[in-house]
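Have a look at the structure below, then the notes.
For clarity, every value in this text was computed on a predicted model and none was experimentally measured.
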Amino acid sequence: MQNDISRLSASILAHKQSIPYYGIFARILGMPNEGELLKACGSLNIISYQVVKVGTEVSSKIIDEMKTVSKNLNITTEYGG
């Protein structure tokens with residue numbers, strides 16, 4: 001799981017790099033800007049390091065970082081009621 005999350009973060013940034021004029025398209029299409037992508041990918045990297053640890057503090061950190069990912073990528077990261 002740790003490797004998959006790290007690869008996801010790298011993949012997001014690599015795909016952004018492959019889009020010429022990403023900043024312009026992001027504004028037009030309502031996609032996350034470059035700063036938001038970097039924050040979300042940073043959070044994914046933190047999560048990837050935390051998933052191998054155990055404890056309530058770790059769970060809380062993962063939840064906080066998932067909220068950052070959700071906010072910055074404008075996606076749902078929780079499916080509870």
Side-chain angles (χ1 to χ4, degrees):
M1 182 181 283
Q2 182 180 27
N3 289 335
D4 288 343
I5 296 169
S6 293
R7 271 183 255 158
L8 176 61
S9 175
S11 178
I12 290 169
L13 293 177
H15 282 87
K16 186 213 60 91
Q17 288 297 110
S18 70
I19 302 172
Y21 308 107
Y22 177 84
I24 295 168
F25 285 114
R27 275 188 299 247
I28 293 169
L29 300 174
M31 299 180 335
N33 64 41
E34 192 168 350
E36 292 168 331
L37 284 179
L38 290 174
K39 286 179 187 174
C41 289
S43 289
L44 287 171
N45 287 332
I46 291 169
I47 292 167
S48 75
Y49 295 121
Q50 297 294 319
V51 295
V52 295
K53 298 179 181 179
V54 177
T56 306
E57 185 178 309
V58 171
S59 298
S60 176
K61 181 70 172 165
I62 291 173
I63 290 168
D64 291 343
E65 296 301 328
M66 289 300 291
K67 288 177 183 175
T68 300
V69 170
S70 177
K71 176 185 163 210
N72 286 289
L73 296 183
N74 196 27
I75 59 173
T76 300
T77 57
E78 56 184 75
Y79 301 96

remark   = Rounded to the nearest 0.5 Å, the CD1 atom of I63 sits from the CD1 atom of I47 at a distance of 10.5 Å

inquiry  = Taking the basic N atoms (NZ, or NE/NH1/NH2) and the acidic carboxylate oxygens, is any pair closer than 4.0 Å for R7 and D4?
reply    = yes

key: N74, CG: over 12 other non-hydrogen atoms inside 6.0 angstrom   = no

key: Donor-acceptor contact present, side-chain S48 to main-chain N45, <3.5 Å   = yes

ask   = Okay, side chain of S11, backbone of L8: is any donor-acceptor separation there less than 3.5 Å?
value = no

message = Do I46 and M1 sit in one hydrophobic cluster, given that two such residues count as connected whenever their side-chain heavy atoms are within less than 4.5 Å of each other, even indirectly?
response = no

key: Shortest non-hydrogen separation from Q2 to V52 and the atoms involved   = OE1-CG1, 3.6 Å

For the student: nearest non-hydrogen atoms of N72 and P32, plus distance = O-CB, 3.4 Å

task = Give a yes or no on whether a salt bridge exists between E65 and K61, defined as a side-chain N under 4.0 angstrom from a carboxylate O.
result = yes

OH/Y49: more than 12 non-hydrogen atoms of other groups inside 6.0 Å = no

inquiry  = I need the single residue from L38, V69, D64 that forms a side chain to side chain contact (heavy atoms under 4.5 Å, CB included) with S43. Which is it?
reply    = V69

ask   = Is there side-chain contact between M66 and E78, with at least one heavy-atom pair below 4.5 Å?
value = no

key: Closest non-hydrogen atom pair, I5 against L44   = CG2-O, 3.2 Å

task = Keeping the roles fixed (side chain from S70, backbone from T76), state whether a donor-acceptor pair exists under 3.5 Å.
result = no

ask   = Which heavy atom in K39 sits nearest to a heavy atom in T68, and how many Å separate them?
value = O-CG2, 4.3 Å

request  = Mind listing the closest non-hydrogen atom pair of L37 and Y22 along with its distance?
outcome  = CD1-OH, 3.3 Å

